[in-house]
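Working notes for the structure below.
Residue indices begin at 1 and follow the sequence shown. Values below: all heavy atoms of this structure, side chains included; hydrogens, waters and symmetry mates excluded.
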Amino acid sequence: MTPKQFKQTLLAVLIATAFLLPLVVQSPTYLHLLIMLYLFAYMTTSWNLVGGFAGVLPLGHSVFVGIGAYVSTALWLQWGVSPWIGMLAGGLVAAFVGYLIGKPTLKMRGAYFALSTMAFVEGVRVIVENLDYLGPLKLNGPRGLNIPPLSPGEGGFWAFQFSTKEPYYYIILVMLIAVALLTWYISRSKLGYCLQAGGEEPEAAQALGVNVARSKVVAMVMSSFLTALAGTFLAQLTLFIYPKSVLTLDLSFELAFIALVGGRGSIAGPILGAFLLRPVSELSRIYFSDSLPGMHLIIYGVILIVVMLYQPRGLAEPLGRLFNKVAAKFTSGGSSETPGVTENAKEGA
């Protein structure tokens, strides 16, 4: 077995284990924690399309979560449109907004782009908090929107409401696998190469004929659409949304922290970061929510400082090197000195 085959086998085992996990984990509380882990891994992977590969630092992705949540919820409450259809509608609206944001701001660099996205989130939050209606859509101002729980006979797949946690678990797991596969495909496509070239050396890429601005806008539109789908999922999971729950800078910062700690621009980085940092967030909310609200962001900051000092490219890189060594050792019959192991390990990477 080559290192590449070893990695593929291990990945298949991990995915199979994830699908079988609800058969072992029966507690709704633990299932909910796993659902939130997958949800943040999904959102951060979506963020990574523009925040990782494009080489910019967007700090306003919560606006797309909010758009997805509000559009699908309003369509369901006012006209009975299935949240599955509302999810796509919210994604399209978010993609359009992402285009409007990205077209002018992606020409900026460094802190200027980050500040512009932060300002947009705060502007949208203030608007939503002060409006009961935005066109035909009911926003209900700061009171938010409450989705009435349906009886077991009335709920189900079409209504995106379930009496147990297992359906939500499998839905977000499939969404996470799908967005990870999409990211893997994009990273090996022409768009991915253009994004990486434009993110690292934009002047050199432009000199070679790469349309850096267009590539970044395309990535922003795709990232906005995918992030909005998570907003609909979150709304149906909690059955209640309000501006400060989905249109908040805390959420935007959290996605950036997760990506930076895990390793932005990599496939596994956002997932690894979510699995490392989300338990910290949940535990800090349990123990510090009353006395020190927002403590998880302070802990995130400390972790981020330490990681940036010692592993500025995130934890995915050193862990990836360690995994390659282990894979090479196992696939070479236990001898790390076998000739050709290094070359095989590189091929498996």
Notebook entry, point to check: If only atom types and distance count, is the side chain of Ser82 paired as donor or acceptor with the main-chain N or O of Trp158 below 3.5 Å?
Noted result: yes

Next item on the list: Start with the C-alpha gap between Lys165 and Leu34, add the side-chain angles, then the distance that decides, and say whether side chain to side chain contact (heavy atoms under 4.5 Å, CB included) holds.
Entry: CA-CA 10 Å; Lys165 294 289 185 181; Leu34 288 172; over 6 Å; no

Margin query: Within the structure provided, determine whether Leu21 and Tyr169 are in side-chain contact (heavy-atom separation under 4.5 Å).
Written below: yes

Next item on the list: Over all heavy atoms of both residues, which pair between Ala230 and Met43 is shortest? Give the atoms and the distance, please.
Entry: CB-CG, 3.4 Å

Notebook entry, point to check: So do Ile85 and Leu75 actually touch side chain to side chain, heavy atoms under 4.5 Å?
Noted result: no

Note to self: When you compare the side chain of Phe53 with that of Thr183, does any pair of heavy atoms fall below 4.5 Å?
What the structure shows: yes

Check: Can you name the residues that form a ring pair (Phe, Tyr, Trp, His ring centres under 6.0 Å) with Phe157, not counting sequence neighbours?
Finding: Trp84

Next item on the list: Could you tell me which non-hydrogen atom of Leu59 sits nearest to which non-hydrogen atom of Val121, and how far apart they are?
Entry: O-CG2, 4.3 Å

Ignoring hydrogens and angles, write down the donor-acceptor pairs under 3.5 Å from the side chains of residues 222-229, residues two or more places apart or on other chains.
from, atom 1, to, atom 2, distance (Å)
Ser223, OG, Ser46, O, 2.6
Ser223, OG, His61, NE2, 2.7
Ser224, OG, Met220, O, 2.6
Thr227, OG1, Ser223, O, 2.7

Checklist line | Considering all heavy atoms, the nearest Met108-Phe113 contact | finding: CB-N, 3.9 Å

Check: Considering all heavy atoms of both residues, which atom of Val246 and which atom of Ala69 are nearest to each other, and what is their separation?
Finding: CG1-CB, 4.4 Å

For residues 270-277, which side-chain donor-acceptor pairs fall under 3.5 Å, sequence neighbours excluded?
none

Next item on the list: Take atom CZ of Arg321 as the centre, draw a 6.0 Å sphere, and report whether it contains more than 12 heavy atoms from other residues, nucleotides or ligands.
Entry: yes

Notebook entry, point to check: Is there side-chain contact between Lys138 and Asp132, with heavy atoms separated by less than 4.5 Å?
Noted result: no

Checklist line | Side-chain heavy atoms of Leu134 within contact of Tyr70, under 4.5 Å | finding: no

Check: Can you find a pair of side-chain heavy atoms, one from Pro318 and one from Tyr310, that are under 4.5 Å apart?
Finding: no

Checklist line | Ring geometry between Tyr168 and Phe162 (parallel below 30°, tilted from 30 to 60°, perpendicular above 60°) | finding: perpendicular

Note to self: Within the structure provided, determine whether Met36 and Ile172 are in side-chain contact (heavy-atom separation under 4.5 Å).
What the structure shows: no

Item checked: Salt-bridge contact Asp250-Lys244 (side-chain N to carboxylate O under 4.0 Å) -> no

Notebook entry, point to check: Looking only at heavy atoms, which two atoms of Pro83 and Trp76 are closest? And how far apart?
Noted result: CD-CE3, 3.6 Å

Item checked: Over 12 foreign heavy atoms within 6.0 Å of CZ, Phe96 -> no

Margin query: Surrounding OH of Tyr99 (heavy atoms of other residues, nucleotides or ligands, distance under 6.0 Å), is the total greater than 12?
Written below: no

Margin query: Would you say that Phe19 contacts Val174 through its side chain, given a criterion of any heavy-atom pair below 4.5 Å between the two side chains?
Written below: yes

Margin query: Please give me the minimum heavy-atom distance between Ala316 and Ser266, naming the atom from each residue.
Written below: CB-OG, 3.9 Å

